[in-house]
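A, B, ... follow the sequence lines: proteins, then strands. Residue 1 opens every chain.
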Number of protein chains: 2
Amino acid sequence: MATAHHPYVPQDLVLPGFVPNVLPYEAILGVFFGCSALVVIFMFVLTGRFKYLGTVERLWAGWWMCTGLIHFVIEGNVVANSKFYQDTSGNILNEIWKEYTKADSRYATRDAFIVQMEGVTAFVWGPACFLIVYGILYRRAWRFTAMLLVSLGQLYGDVLYYLTCMHEGLTKHTRTEPLYFWGYFVGANAIWIVVPSLCILYCARNVNAAVAAAGKTSTKKSAQKRA
Amino acid sequence: MATAHHPYVPQDLVLPGFVPNVLPYEAILGVFFGCSALVVIFMFVLTGRFKYLGTVERLWAGWWMCTGLIHFVIEGNVVANSKFYQDTSGNILNEIWKEYTKADSRYATRDAFIVQMEGVTAFVWGPACFLIVYGILYRRAWRFTAMLLVSLGQLYGDVLYYLTCMHEGLTKHTRTEPLYFWGYFVGANAIWIVVPSLCILYCARNVNAAVAAAGKTSTKKSAQKRA
């Protein structure tokens, strides 16, 4: 098997059967961010049919559908397909990971934390995201609980992702060019720091208000009983 | 520096300056589980003064105080003190980790995931646990939100703890004697699978009921407005 030299760090990493990206990185990023935006827009338009939903709820439905698809389809692929870097077909799912691995070679070396954290993200948080979309659309009472749990899961996984990479030395697995370091490693992952934090705040406000109101009602009821 | 041979796996692991346990394991386990039980009992008795708290709430206050102290004091020590295995003083905090490392040598080798997950557990979840105790005692409206978030953090950290160890091969870091494998590695950690899961169920039931009630109230109000 002829092996092209890979563009990942450390340079002496051995990846038998490595095949370079077939698509240019502009095409890969275009497909990834273009499709993500399309999903959010599509969900926003579609949820217009649910007349009782506000704009904020419709945007959250878009986020959860988009992040669920990213978890289940894209991250699911890198978990299931440990030899993604040998793909010759130009399959976009493998092209994305061949490109992203420039920002973190632990995906190719099958680092224990990366593979297991991505496994939980793809196959537990992923399906849970779709359940949350349903919960938002039909205003199920459990929707805030589910959003709190999955958002914390995304946030904690991402914090550990950054911290474990820093622990081993930031440049050990990560190329230092701005596109790879600031764009992919810092920037792309920061989405799952910012949005889950906002979602936790959104849910906390709603839950805490409901719990406070329920507390007042039960206090009133027991006061009426005593009277 | 004379180095005794350590009792950890793999046997060829090099730990310069290793000093064997000063205390017998019965004493270490006795102190750990004895103190933990004392904290729960102490909190249960103390919270008897809060007449409006039910038995279940008083038990949860005990759990959160106990788990918070374990996170902050015991796990905090192993994060801050990377050379715990060199301790000659018989300090119980180092004795605990010298003993536990028989079930997982990644604490001595400063595995990236272990150190960072324990860091978040000790210094984020730890203080958050004490806040939760306050929230339960004074029935703050945010107590369920906080319990949901920290419980999911404990649960997810523990699931990744098991999964990363399995990923690298269960016997790579773990001694196979029943006390170490089933007692320490499986058993002790299972507490943070079982109790956080129960806490999530407890909070979800309360939160979902409050959200459902708030939804009915707001539906009634808007119906009254329309009428």
Side-chain angles (χ1 to χ4, degrees), chain A residues 52 106 110-121 124-125 135 139-157 159-169 172-173 196 200-201 203-219 222, chain B residues 52 106 110-121 124-125 135 139-157 159-169 172-173 196 200-201 203-219 222:
Chain A
Y52 53 86
R106 295 180 297 175
R110 310 310 278 175
D111 172 88
F113 165 70
I114 291 291
V115 174
Q116 298 305 323
M117 179 275 288
E118 289 289 5
V120 173
T121 302
V124 182
W125 307 150
R139 281 205 172 152
R140 291 288 177 257
W142 46 260
R143 68 192 182 280
F144 295 120
T145 302
M147 281 192 266
L148 280 172
L149 294 175
V150 179
S151 293
L152 197 276
Q154 296 173 316
L155 181 61
Y156 189 23
V159 166
L160 287 177
Y161 176 81
Y162 281 129
L163 288 177
T164 50
C165 201
M166 286 163 66
H167 181 100
E168 295 181 345
K172 189 176 166 193
H173 316 288
I200 288 172
L201 288 177
C203 294
R205 210 162 41 204
N206 280 280
V207 165
N208 300 355
V211 170
K216 274 179 202 155
T217 317
S218 70
T219 316
S222 39
Chain B
Y52 52 86
R106 295 180 297 174
R110 310 311 278 176
D111 173 88
F113 165 71
I114 292 290
V115 174
Q116 297 304 323
M117 179 274 289
E118 289 289 4
V120 173
T121 303
V124 182
W125 307 150
R139 280 203 172 153
R140 291 287 177 258
W142 46 259
R143 67 193 183 280
F144 295 120
T145 302
M147 281 191 268
L148 280 172
L149 295 175
V150 179
S151 293
L152 197 277
Q154 296 173 316
L155 182 61
Y156 188 23
V159 165
L160 288 177
Y161 177 81
Y162 282 129
L163 290 177
T164 51
C165 201
M166 286 163 65
H167 181 100
E168 296 182 344
K172 188 176 165 193
H173 316 287
I200 288 171
L201 288 176
C203 294
R205 210 163 38 204
N206 279 280
V207 165
N208 300 354
V211 170
K216 274 179 200 155
T217 317
S218 70
T219 314
S222 41

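By number of non-hydrogen pairs under 4.5 angstrom with chain A, the leading residue of B:Gly153, B:Cys203, B:Ser151 is B:Gly153.
Using cut-offs of 30° and 60° on the angle between ring planes, the pair A:Tyr156 and B:Trp125 is perpendicular.
Residue-environment remark: CZ (A:Arg110) exceeds the threshold of 12 foreign heavy atoms within 6.0 Å.
Here A:Leu163 pairs with A:Val159, B:Gln116, B:Val120 under the side-chain contact (heavy atoms from CB on, under 4.5 Å) rule; sequence neighbours left out.
Heavy atoms of A:Asn206 lying under 4.5 Å from chain B are absent altogether. There is no contact between A:Leu155 and chain B, counting heavy-atom distances below 4.5 Å.
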Output a table of donor-acceptor pairs, distance under 3.5 Å, between side-chain atoms of residues 142-149 of chain A and any protein atom two or more places apart or on a different chain; print 'none' if there are none.
unit_1: A:Arg143; atom_1: NH1; unit_2: A:Arg139; atom_2: O; d: 3.4
unit_1: A:Arg143; atom_1: NH1; unit_2: A:Arg140; atom_2: O; d: 2.9
unit_1: A:Thr145; atom_1: OG1; unit_2: B:Asn208; atom_2: OD1; d: 2.6

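A distance of 12.0 Å separates CZ in B:Phe113 from NE2 in A:His167, rounded to the nearest 0.5 Å.
In plain terms, the two heavy atoms of A:Ala210 and B:Ala214 that are nearest each other are CB-CB, 3.9 Å.
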